[in-house]
Amino acid sequence: MLNRSRPDVNPDLENLDRLVGKWNVTGGAEGEVTYGWMEGCFFLIQRVELEQYGQEIKGLEIIGHLQPFGEEPSQDIKSRYYDSMGNTLDYTLRTGRGTLTIWAGEKGSPAYYRGTFDADGDSACGAWVYPGGGGYDSTMTRVR
């Protein structure tokens, strides 16, 4: 769980706490993702084991505010995803009480995910939208 006693941890990270745990993913990509806080609670780590279009996808994503040495933290929550094929992808995230939006690249990108959590927070349904009409539905269900 997010360490709320640390005043230097940005409070907007608190909404990411709902992701902590292991999730089954179904839809256009199938498999499991696991989220957990890095020590200090400045960054959420996602581990990915999915299959999409017949291809195995394994990856690691670090989510939090960018803070180059000597500078203030970024306003937006950012992430970088690394996969076993050597790809790196950058995202911008926004969380609400029951929503999660992930833009590929910068906020407002035409490639994005938008999902809504159910009342108990144990599932989220949404879709990835790509420019030109592509994309796919995605549902996450908490395992633990």
- line: Between Gly28 and Gln52, the two heavy atoms sitting closest are O-CG, 3.3 Å

message: To the nearest 0.5 Å, what is the distance between CG on Leu60 and CD1 on Ile45?
response: 6.5 Å

Nearest-0.5 Å distance, OG1 of residue Thr26 to CG of residue Asp137: 9.5 Å

- prompt: Salt bridge check: are Glu32 and Lys22 linked by an N-O gap of less than 4.0 Å?
  reply: yes

field: Side chain to side chain, Met140 and Val33, heavy atoms closer than 4.5 Å
entry: yes

Cluster link Tyr112 to Leu89, ILVMFWY, side chain under 4.5 Å: no

query: Does Lys107 reach the side chain of Leu93, with side-chain heavy atoms less than 4.5 Å apart?
result: no

task: Please examine the side chains of Asn87 and Tyr82, heavy atoms only from C-beta on, and report whether any two atoms are closer than 4.5 Å.
output: no

field: Point-to-point distance, once rounded to the nearest 0.5 Å, from CG of Leu66 to CG of Asp90
entry: 8.5 Å

message: So Tyr35 and Leu16, do their side chains get closer than 4.5 Å, heavy atoms only?
response: no

task: Supply the atom-to-atom distance Phe42 CZ to His65 NE2, rounded to the nearest 0.5 angstrom.
output: 10.5 Å

Listed partners of Tyr81 passing ring pair (Phe, Tyr, Trp, His ring centres under 6.0 Å), at least two apart: none

- prompt: Between Val129 and Val25, is there a shared hydrophobic cluster once you connect ILVMFWY residues whose side-chain heavy atoms come closer than 4.5 Å?
  reply: no

message: Using a 3.5 Å distance criterion without hydrogens, assess whether the side chain of Gln67 forms a donor-acceptor pair with backbone atoms of Glu71.
response: yes

- request: Identify whether Leu44 and Leu100 are in the same connected component of the hydrophobic contact network (ILVMFWY, side-chain heavy atoms under 4.5 Å).
  value: yes

field: Any donor-acceptor N/O pair, Ser109 side chain to Ala104 backbone, under 3.5 Å
entry: yes

Value rounded to 0.5 Å, distance of OH in Tyr91 from OG1 in Thr101: 14.0 Å

- line: Separation between CD1 (Ile102) and OG (Ser79), nearest 0.5 Å, reads 7.0 Å

query: Are any non-hydrogen side-chain atoms of Cys41 and Leu13 less than 4.5 angstrom apart?
result: no

query: If only atom types and distance count, is the side chain of Arg114 paired as donor or acceptor with the main-chain N or O of Thr99 below 3.5 Å?
result: no

Cluster check Trp103, Ile77: I/L/V/M/F/W/Y, side chain < 4.5 angstrom: no

message: Parallel, tilted or perpendicular, judged at 30° and 60°: which one describes the rings of Tyr136 and Trp128?
response: tilted

- prompt: For Arg97, does its backbone N or O pair with a side-chain atom of Arg18 as donor and acceptor, under 3.5 Å?
  reply: yes

- request: For atom OH of Tyr113, decide whether the heavy atoms of other residues, nucleotides or ligands shown that lie under 6.0 angstrom number more than 12.
  value: yes

query: Donor-acceptor pair, Thr92 side chain versus Gly105 backbone, under 3.5 Å?
result: yes

query: Do Lys58 and Glu49 have side-chain heavy atoms sitting under 4.5 Å apart?
result: yes

message: Could you tell me if the side chain of Arg47 sits less than 4.5 Å from the side chain of Glu61, heavy atoms only?
response: no

message: Taking Tyr53 as the starting point, is it possible to reach Leu50 by hopping between hydrophobic residues whose side chains are less than 4.5 Å apart?
response: yes

- prompt: Given Phe117 and Leu19, is the side chain to side chain contact (heavy atoms under 4.5 Å, CB included) satisfied, shown in steps?
  reply: CA-CA 10 Å; Phe117 289 88; Leu19 292 169; 3.7 Å; yes

field: salt bridge (Lys or Arg N to Asp or Glu O under 4.0 Å) partners for Glu106, two or more places apart
entry: Lys78

query: Hey, is CD on Gln75 packed in by over 12 heavy atoms from elsewhere, all under 6.0 Å?
result: no

message: Could you tell me if Ser123 and Asp118 have a donor-acceptor pair between their side chains, going purely by distance under 3.5 Å?
response: yes

